[in-house]
Amino acid sequence: MEALKINQFYDYKFLSNVRWSPDGNRAVFCAAQADAEANEYKYELYLFEKGDVRPLGPIGKDNSFFWEDDTHVLFPAVRGDEDKKRAEDGDIFTSFYRLSVEAGEAEKAFELPMKAGELKPAGENRWFFTAPIDHKYPDFHLMHADEQKAVKDEIRENEDYITLEEWPFWHNGGTHVERERNALFVYEPAADESCGITRITERLFDVASAVFADGCIWYTGCKTEGYAGLTRLGFFCYDLETCRTRTITEPGEWFINSLFVLDNTSLIVCKTRGNHYSYEESADFWLYDTVSGEEKYLAVDRNGYFNTTGSDCRLGAGYEQRAYGGKLYYISTVGGAAVIKSVDRSGNIENVTGGEGSVDCFDINRKGELLAVAMLEGRLQELYVLGSGKLNKVSSFNDEVLDGRYVAPYEHINIKSRGYSIDGWVLKPINYDPHKTYPAILDIHGGPRTAYGQIFFHEMQYWAGLGYFVFFCNPFGSDGKGDVFADLRGKYGTIDFINIMDFTDEVLHRYPQIDEQRVAVTGGSYGGFMTNWIIGHTDRFCCAATQRSISNWISFYGVSDIGTYFAEHQLDADVFFSADHMWQQSPLAYAQNFKTPTLIIHSDADYRCPISEGYQLYTALMEQGIPARMVVFKGENHELSRSGKPKHRLRRLTEISEWFEKYCK
């Protein structure tokens with residue numbers, strides 16, 4: 001059996017966005033694959049019909065598409081020399097292409113004069129969608145050509161300057177967005193005036209979510225100006241007949257997270273209990289009657305209603321919640337697995353699927369048939385259909401690529417650490433011989449409110465193929481065990497550090513074949529913070545590779561796109577009144593203890609954990625003469641390891657693996 005190649009992920013198919021047609025007779029989903037030569041990903045649509053899967057054709061540069069009717073899908077793309085030149089010249093538009101699932105090539109259907117998101121039906125021949133606007137020019141799309149030219153000339157004249165008057169001023173991987181708002185629009189293709197487009201939110205209003213029911217568009221959001229921070233959202237209704245908006249709930253005590261249509265007169269509203277300093281981050285389910293306006297509490301699922309399990313083998317998303325038969329079906333993280341549950345009108349929560357692995361997205365048709373993209377049995381993504389209470393595989397996109405390759409099985413370990421039950425897993429090296437000794441790698445997840453599980457990780461399986469033990473766990477602060485277990489506020493580097501070290505001790509005890517002098521540590525985001533914390537509190541690891549990390553909570557506060565509220569919430573401290581506590585929980589405060597050779601991986605467009613965090617750590621290591629190397633990835637952001645350009649992902653894994661090979665073997 002051969003080991004996985006370092007660039008094996010070039011051959012993987014990444015599935016996403018499975019969607020049933022309106023009549024429920026067929027489904028379309030997306031499959032992406034790396035194009036090494038172009039250093040990008042190619043996306044292609046596939047049709048699932050009567051149990052068979054066949055390709056439909058390539059689409060744009062992401063997995064966006066939606067059903068226009070029972071036999072046609074629409075997707076945004078920039079095709080043709082003229083549109084490409086317009087895009088290069090800075091014109092703002094979205095071209096939608098129509099593709100028949102029965103036959104033919106995709107043809108341009110229509111164009112909207114803005115960067116529109118998915119169009120969702122709002123009755124007969126009417127759609128609604130959201131799109132970003134510059135609140136200084138909220139109706140740019142309605143301007144005459146000469147007016148638009150004047151605006152673009154003004155923007156070009158000032159492109160060497162950045163003027164900040166709002167916060168946040170940037171988002172991870174993007175540009176400065178201080179004047180940007182997500183606006184809500186109605187589109188009526190048959191209308192003659194205003195291109196058939198009507199903006200229904202005011203220029204300073206930022207929309208979070210929107211659905212259609214009972215002749216109205218129901219949406220959440222709030223007006224923001226100046227400092228936004230972690231804003232509380234209001235709940236609103238736009239009546240398509242009267243063209244009037246009414247307020248259901250003003251922004252206030254609750255955080256309204258999401259809206260879902262249960263039926264034409266019933267919505268499920270997901271609201272977070274308490275304020276953003278509360279540990280209770282899971283949303284409560286409420287039933288809202290669109291006719292009477294009555295609201296009824298249903299239930300709360302402390303494991304949440306999203307998939308927070310980790311993997312480096314996903315690209316693109318899809319539905320994680322769908323309504324059918326008076327129930328809301330949703331993905332929930334339980335332990336180290338992502339499963340489907342349902343909640344009904346009476347607040348009863350039931351498990352629909354179970355076991356290990358990850359359901360990444362799913363859809364249910366009008367007949368109650370459920371299709372899902374999932375990673376089960378430690379393998380890569382495939383398409384599954386729910387039947388007889390279990391998910392049954394109906395595609396074979398990734399079978400061949402793993403055929404004959406070593407995929408280490410997951411060996412589960414549970415320990416008790418400081419009164420908490422900690423779950424983790426071990427991957428044995430290829431050609432494992434119990435009479436030999438091996439190096440090992442401790443891998444720490446991000447978040448911290450995410451979870452590891454029996455889910456395929458290319459990097460881990462590659463390291464196992466290089467001859468390493470690989471082990472990982474879900475310490476206190478991880479998702480999958482409810483809000484109380486995930487409450488790491490003010491405890492960074494304490495209970496979680498002890499849990500991880502206790503788990504490491506148990507792994508070394510159970511597997512004496514691991515050479516304790518050849519154990520490396522790595523992690524990204526929170527895992528990068530913890531890697532930095534570890535090298536300041538122990539020298540037991542022979543080397544470290546820290547990725548997209550935090551080293552100084554005080555500097556993180558003022559630079560990260562989530563710095564103000566995330567730092568204060570997670571540390572239970574304030575930079576102005578308790579900065580000493582923030583510094584004490586910063587890895588950089590313990591730089592005098594650094595002894596471990598450390599590799600630093602960071603991206604210059606990472607505005608979540610800004611690159612200044614990596615530079616500070618690098619400087620501290622170099623100043624003390626500790627072997628260090630920093631690799632900066634230009635144009636990449638916080639998602640480098642998951643959705644970065646193929647060659648960049650390869651270089652990242654090469655750098656880390658060579659660092660381990662240098663110090664562990």
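On a predicted model such as this, the values are computed, not experimentally measured, just so you know. As a basis for the values below, the full set of heavy atoms in this structure was taken, side chains included, without hydrogen atoms, waters or symmetry mates.
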Of the non-hydrogen atoms in [X] and [Y], which two are nearest, and what is the gap between them?
X	Y	answer
Ser95	Asp83	OG-OD2, 3.2 Å
Met460	Val470	O-CG2, 3.7 Å
Ser332	Gly304	OG-O, 2.9 Å
His171	Asp561	CA-OD2, 3.5 Å

Is any side-chain N of the basic residue among Glu165 and Lys136 closer than 4.0 Å to the acidic one's carboxylate O?
-> no
Using the ring of Phe633 (Phe, Tyr or Trp, six-membered ring only), decide whether Arg652 places NZ or CZ under 6.0 Å from its centre and within 45 degrees of its axis.
->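 Geometry flag: not set, cation outside 6.0 Å or 45°.
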Just checking, any donor-acceptor pair under 3.5 angstrom between side chains of [X] and [Y]?
X	Y	answer
Asn532	Ser549	yes
Gln547	Thr522	yes
Ser209	Thr220	yes

Has [X] got a side-chain atom pairing as donor or acceptor with [Y]'s backbone, closer than 3.5 angstrom?
X	Y	value
Arg203	His135	yes
Glu40	Ala34	no
Gln585	Tyr492	yes

To the nearest 0.5 angstrom, please state how far the [atom1] atom of [X] sits from the [atom2] atom of [Y].
X	Y	atom1	atom2	result
Thr598	Met622	OG1	CE	12.0 Å
Trp553	Ser560	CH2	OG	9.0 Å
Ile495	Ile500	CD1	CD1	12.0 Å

Angle class for the [X]/[Y] ring planes (parallel below 30°, perpendicular above 60°, tilted otherwise)?
X	Y	value
His537	Tyr590	tilted
Tyr330	Tyr305	perpendicular
His458	Tyr12	perpendicular

Would you mind telling me which of Phe75, Phe65, Phe66 makes a ring pair (Phe, Tyr, Trp, His ring centres under 6.0 Å) with Phe96?
-> Phe66
